[in-house]
Amino acid sequence: MKVLILDNAEAAVRRAADIVARLVGDRPRCVLGLATGGTMLPLYDELGRRHVSDGLSFAQVATFNLDEYIGLPPDHACSYHTYMREAFFDRIDIDPARTHLPRGDADDPQAESLAYEARIADAGGIDLQVLGIGQNGHIGFNEPTSSLGSRTRIKTLTDDTRRANRRFFDTFDQTPRHAITMGIATILQSRACLLLATGAAKAEAVAGMVEGPLSAACPASALQLHADATAVLDRDAAAALTLVDYYETVHPGGRESVFDRT
Ligand code: GLP
């Protein structure tokens, strides 16, 4: 895994935006996998800013989000559909018909999960999957002990995750208990993965992901199996890593290694 450590969260967000923007610039018809959560908001701000000021165009890009809460229709204020429209899609030139999220209000969430997986395959697969990380090491909504071979399916959320996401809802009771999420194997099938983590609350999960054992106990550790996975971290999120000096030798200032394209 490439580990890029930036001095602060703003620099980490800009670095992650560089990676997304480079792909979109090189391959205007690329397929992006997208994530939600607080960490992603400044990334979408930055990409939206580059759309306005640098002419970065998403007109031909297709997107697939990782997950959606079961029970919430797309127009629900707390759905990930709404999050994506407000944080990103309404601020760029993307064709809404090319944006995809699982339907949380599907009558048959199991069938919706299978159909979502098929839609990703029909689009030719995901070129770059953007990821955040939960404090318990989850990616998407693949909670600890999720099968490393899992595909898009229904997951029951842990109380820890519900407490972390409670801030987006009025009460803990209203915070959804289930989600449709891409599986770990779905994520690993993306041609590249880019995980952005900022802040001290993510330090333990990041250490488990990068340096811990490959284990369903830390679902993000599955990225160790991916041949093209990049973690973009700020110093706080990198604080529990033991090999920081090594990562900084290979990627000084979070730049590509001398052997990579810059
Ligand atoms: C949710 C999302 C994840 C995200 C995580 C962390 O659980 N399903 O994709 O990575 O939140 O969110 P935050 O960035 O708010 O810490």
Side-chain angles (χ1 to χ4, degrees), residues 9-10 12-13 16-17 20 32-47 63-72 76 78-84 86-88 100-102 104 109 113 116 126 128-146 150 152-169 172 174-184 186-188 190 193-210 218-223 229-234 236-239:
E10 293 73 27
V13 164
V20 176
L32 291 179
L34 297 177
T36 51
T39 310
M40 295 299 139
L41 291 171
L43 176 63
Y44 295 139
D45 280 346
E46 177 64 16
L47 290 169
T63 66
F64 286 87
N65 264 78
L66 285 165
D67 45 18
E68 177 59 288
Y69 291 115
I70 289 182
L72 303 193
H76 189 286
C78 299
S79 73
Y80 282 163
H81 281 78
T82 298
Y83 169 108
M84 289 307 302
E86 292 179 350
F88 197 34
H100 306 271
L101 291 93
S113 302
Y116 196 67
I126 292 169
L128 177 67
Q129 176 65 58
V130 178
L131 297 159
I133 187 168
Q135 291 179 34
N136 62 5
H138 74 226
I139 46 176
F141 269 130
N142 293 283
E143 298 284 31
T145 71
S146 286
S150 53
T152 305
R153 69 210 184 293
I154 300 165
K155 279 301 288 181
T156 301
L157 308 184
T158 62
D159 277 353
D160 279 351
T161 295
R162 292 182 64 224
R163 273 191 287 275
N165 291 345
R166 145 85 180 84
R167 64 190 192 280
F168 299 110
F169 295 85
F172 182 64
Q174 286 175 25
T175 310
R177 294 166 192 276
H178 302 95
I180 294 176
T181 181
M182 282 187 204
I184 306 269
T186 318
I187 292 168
L188 292 182
S190 308
C193 290
L194 167 64
L195 186 141
L196 174 64
T198 53
K202 300 296 171 65
E204 289 304 322
V206 164
M209 165 179 76
V210 179
C218 178
S221 69
L223 294 177
T230 302
V232 177
L233 312 172
D234 69 355
D236 290 341

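Every number for a ligand or one of its atoms is a count from 1 in the order of the listing. Because the structure is a prediction, the values reported are computed rather than measured.
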CD/E46: more than 12 non-hydrogen atoms of other groups inside 6.0 Å: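 Atom CD in E46 is packed in, count exceeds 12.
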
With a cut-off of 4.0 Å, which atoms of ligand 1 are near a heavy atom of [X]?
{"X": "T36", "result": "4 (C)"}
{"X": "K202", "result": "13 (P), 14 (O), 16 (O)"}
{"X": "N165", "result": "1 (C), 7 (O)"}

Of all the non-hydrogen atoms in the protein, which one sits nearest to [atom], and at what distance?
{"atom": "atom 8 (N) of ligand 1", "result": "D67 OD2, 2.8 Å"}
{"atom": "atom 6 (C) of ligand 1", "result": "I133 O, 3.6 Å"}
{"atom": "atom 2 (C) of ligand 1", "result": "Y80 OH, 3.7 Å"}
{"atom": "atom 12 (O) of ligand 1", "result": "G37 CA, 3.8 Å"}
{"atom": "atom 14 (O) of ligand 1", "result": "T39 OG1, 2.5 Å"}

Ligand 1 contact on R167 by region, counting heavy-atom pairs under 4.0 Å: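 Side chain only.
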
Proximity to ligand 1 by part of H138, non-hydrogen separation under 4.0 Å: side chain

Within-cut-off N or O pair, F141 and ligand 1, under 3.5 Å: no

Using atom types as modelled and distance alone, determine if a side-chain donor or acceptor of [X] lies under 3.5 Å from a backbone N or O of [Y].
{"X": "D236", "Y": "A203", "answer": "no"}
{"X": "S113", "Y": "P109", "answer": "yes"}
{"X": "R163", "Y": "R166", "answer": "no"}

Interatomic distance, I133 atom CD1 to K202 atom NZ [nearest 0.5 angstrom]: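 Rounded to the nearest 0.5 Å, the CD1-NZ separation comes out at 7.5 Å.
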
From OG1 (T36) to CG (D67), nearest 0.5 Å: 5.0 Å

Among A205, G38, G132, G140, closest by any non-hydrogen atom to atom 3 (C) of ligand 1: G140

Check against ring pair (Phe, Tyr, Trp, His ring centres under 6.0 Å), Y69 and F168: CA-CA 12 Å; Y69 291 115; F168 299 110; 8.6 Å; no

CA sep, side-chain torsions, deciding dist, call: D160, Q135, side-chain hydrogen bond (donor to acceptor under 3.5 Å, both in side chains): CA-CA 9 Å; D160 279 351; Q135 291 179 34; over 6 Å; no

